[in-house]
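Chain naming here is simple, since letters A, B, ... match the order of the sequence lines and numbering starts at 1 in each.
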2 protein chains.
Amino acid sequence: MPAERPTIADVAQRAGVSKGLVSFALNGRPGVSAQTRDRILEAARELGWQPSLRARALSVNRAFALGLVITRDPEIVTGDPFYPSFIAGVERELAPAGQALVLSVVPDEDAELAAYRKLVAGRRVDGVFITDLRHDDARIELARELNVPAVTLGHPETPSPFPAVSMDDRAGIEAAVDHLVGLGHRRIAHVAGPARMLHGSRRRRAFEEAMTRAGLRAGMVVETDFRAADGVRATRDLLARPDYPTAIVYANDPMAIAGLGVAQRAGLRVPDELSITGFDGSDVGEHIFPALSTVVSDAVSWGSVAARVLLRSIAGEQPGDTDLPPARFVPRESTTRSPEPTPRADV
Amino acid sequence: MPAERPTIADVAQRAGVSKGLVSFALNGRPGVSAQTRDRILEAARELGWQPSLRARALSVNRAFALGLVITRDPEIVTGDPFYPSFIAGVERELAPAGQALVLSVVPDEDAELAAYRKLVAGRRVDGVFITDLRHDDARIELARELNVPAVTLGHPETPSPFPAVSMDDRAGIEAAVDHLVGLGHRRIAHVAGPARMLHGSRRRRAFEEAMTRAGLRAGMVVETDFRAADGVRATRDLLARPDYPTAIVYANDPMAIAGLGVAQRAGLRVPDELSITGFDGSDVGEHIFPALSTVVSDAVSWGSVAARVLLRSIAGEQPGDTDLPPARFVPRESTTRSPEPTPRADV
DNA sequence: AGAGCGGTCTAAACCGGTTTAGAGTCAGAG
DNA sequence: CTCTGACTCTAAACCGGTTTAGACCGCTCT
């Protein structure tokens, strides 16, 4: 049985001073003579003393932890490259700051609100990330009501007291559409994310606007839940249409990869007979054949910036909104010239 | 400015009793009259009181949280389906138990040990998961030294005081090899994980043994770091050999998918000219073309069982080792008969 | 010499729960 | 009628830190 962990009282006793002075010395606060400080630090070192976060948390009323709630059915969480990268970015910021990340994975939106409540009510975290914003997102109101600092990924629609860290994804969609239009495509479809999610509907609108600007009708849009299986269904439906598309812009990579599979299985040559673009730049999309043209967003730095902003909020600053460099379209192999001749402009 | 959160003292005052009795009533302990208990519960409800986990943590000397440290360079963490599913499984167990998951993502093994130390020294967690076991894994000794309950995913080589929750992955590899041999393949290669990782070398050994049992030489084995980019390189090397393989068994899905891309890019028809199997059953592998034959392991239940075992360890029980149902091989479209005729047995 | 002051340090309160020792009340047994 | 024991409850200690009020010291200034 190893010895009990030393407490600050043990250090005080060994150094021959009071508890309070030990606390002062270890936190580098003034009012401790250099000589005594050294003696205290020495004693702490000898005992291998480490402050108990629990005691600190209680007395300074901080949890030294941030909360992240991920709402995804288990099916989609697999394969989606966003969260792992985002979390890696968050960690990069938290670890040096002595903070920890408390993660909650829940299946649906009711459980999501309950999870936020639980994290905050138990005082487990000092602040929360709000990701995957939805229309009229109840979490904003909840966080305000719980009086907890928060940061939103993207600008919510409803007025929000919390700083937002955003990455423009419209530019990427527009670039993808422009790229396809430049290759002569006219019948371009979009496999969109769920309309209730802000980035789902925003990407869809960006698609529609880009099409309109190019003088094309944005008639072929299928709404999905971002799952690979949805990509399969949507692609099948689109390809079965009499006015089947020559190019499909997918709202994420897993659906694009699944769509590619559907097209290939149907005997279509990609990209010669069908061009495909993804979104979010998964590692695997880079290595499949043909390599996926996609819109890459830097989820890692999104994570670290969001974490930094949240920490500043907690520290009492009022950080403003941050706009990250926009996601950018990276053409690879899955897009090429339209199989059908571009009608001449004067026709 | 919302009102300060009520404490147990507020509840006590409102109910006209002492703090201690409130604590007893709320924890359902005997020694409180039914009438008083109701009055206390009513007061707590009226005030919307929620116990502070911080205070509880300090007084009962528990963190009510479990630690998971993930060591992966950001490149591989993306695309790997294991951790998201595993975490979902863990959550399923923790949430009802009022526990939280503290997640740490670190880039390398030094940072990994430091992360465990930090979680435990700060008393942030009551127990830790040890995943991705390696040979002579320093974390076992560290956890013992830190005197923290732990659970290992798989049986470590070195004697370990901690319960292990294992899933046999050899059977899956063997089934894959047998499947390929049955299809007439003789030149079967293996793209292995890193030898320093237990599951990397164990899958490799299972491959070699299955080959030997089938009377074949297991000469073509390439060691990798589990990254998709490694799968690309390994596949190129294998296909460039004069005695190129007719089938490749990959140690994980991302490498298999990348390898498929390499083969297709080289003009090989998969599976007609090259059969491919993966490992771990990613969602995306199911939807690509050809759909990936792979070994699926139930990472979700792995997570919940491991969490349950760890919670029991923390509660002072001595749970034994658990063996989950073995990962099983699921043939899909990426494997078929060998393109070369099977030599007759008597030749 | 005494007041004033900065520097150093101690004692004790505090954070919000849990837990223990013991006080008070009441019923039933002797 | 008193003793015993069960039941209910209070007061206070405790977890391990932080923070505040104030004591004590030696010094300078008038």
Side-chain angles (χ1 to χ4, degrees), chain A residues 3-41 43-44 47-65 98 118 120-126 315, chain B residues 3-41 43-44 47-65 98 118 120-126 315:
Chain A
E4 289 298 311
R5 276 191 41 164
T7 75
I8 202 171
D10 299 323
V11 177
Q13 190 181 8
R14 182 173 190 106
V17 297
S18 69
K19 274 172 50 172
L21 202 63
V22 174
S23 175
F24 275 36
L26 290 156
N27 294 323
R29 298 176 41 156
V32 187
S33 74
Q35 188 190 355
T36 312
R37 181 195 336 277
D38 290 347
R39 194 153 37 88
I40 291 172
L41 294 180
L47 291 171
W49 176 82
Q50 300 273 113
S52 155
L53 224 50
R54 294 184 197 149
R56 239 158 89 70
L58 181 60
S59 56
V60 304
N61 203 27
R62 292 258 284 109
F64 304 106
K118 214 159 126 183
V120 177
R123 299 274 205 259
R124 230 188 236 289
V125 299
D126 298 318
Chain B
E4 289 298 311
R5 274 192 41 165
T7 74
I8 202 171
D10 298 324
V11 177
Q13 190 182 9
R14 182 172 190 108
V17 296
S18 68
K19 273 172 51 171
L21 202 62
V22 174
S23 176
F24 274 37
L26 289 156
N27 293 322
R29 296 176 42 154
V32 187
S33 74
Q35 188 189 357
T36 313
R37 181 196 336 278
D38 290 348
R39 192 151 41 88
I40 291 172
L41 294 180
L47 291 172
W49 175 82
Q50 300 274 114
S52 157
L53 225 47
R54 292 183 198 150
R56 239 157 89 70
L58 181 60
S59 54
V60 303
N61 202 28
R62 293 257 285 110
F64 304 106
K118 215 158 125 181
V120 177
R123 300 273 206 259
R124 228 187 237 291
V125 298
D126 299 320

Open item on the list: Within this structure, what is the CG-CZ distance for the pair Leu58(A) and Arg56(B), rounded to the nearest 0.5 Å?
Closed with: 13.5 Å
Task: Heavy-atom pair with the smallest gap, counting every atom of Arg54(A) and Arg62(B) - done: NH1-N, 3.4 Å
Open item on the list: Less than 4.5 Å apart, side chain to side chain, heavy atoms only: is that true for Arg39(A) and Thr36(A)?
Closed with: yes
Open item on the list: Going by side chain to side chain contact (heavy atoms under 4.5 Å, CB included), name the residues that satisfy it together with Gln13(A), two or more places apart in sequence or in a different chain.
Closed with: none
TODO: Tell me which of Ser59(B) and Ser18(B) sits closer to the 5' end of DNA chain D, going by the nucleotide each one is nearest to.
DONE: Ser18(B)
TODO: Give one of base, sugar-phosphate or nothing for Val17(B), where a contact means two heavy atoms less than 4.0 Å apart.
DONE: sugar-phosphate
Collect all protein-nucleotide pairs involving nucleotides 21-24 of chain C in which both atoms are nitrogen or oxygen and the distance is under 3.5 Å.
none

Task: Those residues that, when tested against Arg29(B), pass side-chain hydrogen bond (donor to acceptor under 3.5 Å, both in side chains) (two or more places apart) - done: none
- [ ] Taking all heavy atoms of Ser52(A) and all of Arg5(A), pick out the closest pair and write down the distance.
- [x] N-NH2, 4.3 Å
- [ ] Hey, could you give me the CD1/OG distance between Ile40(B) and Ser18(B), rounded to the nearest 0.5 Å?
- [x] 8.0 Å
Open item on the list: Classify Ser23(B) by what it touches in the nucleic acid, base, sugar-phosphate, or nothing, heavy-atom distance under 4.0 Å.
Closed with: base
- [ ] At the 4.0 Å heavy-atom cut-off to chain A, mark where contacts on DNA chain D begin and end, going 5' to 3'.
- [x] dG16(D) to dT20(D)
TODO: Return the residues of residues 27-37 of chain B meeting this criterion: a heavy atom under 4.0 Å from some atom of DNA chain D. Order them by number, or give none.
DONE: Gly31(B), Val32(B), Ser33(B), Thr36(B)
- [ ] Taking the side chain as every heavy atom from C-beta outward, state whether Trp49(A) and Leu26(A) have any pair of such atoms under 4.5 Å apart.
- [x] yes
Task: Donor-acceptor contact present, side-chain Arg14(A) to main-chain Leu47(A), <3.5 Å - done: no
Task: 5′-ward residue of the pair Leu21(B)/Leu58(B) relative to DNA chain C - done: Leu58(B)
TODO: Go through the structure and list residues passing side-chain hydrogen bond (donor to acceptor under 3.5 Å, both in side chains) with Asp10(B), not counting sequence neighbours.
DONE: none
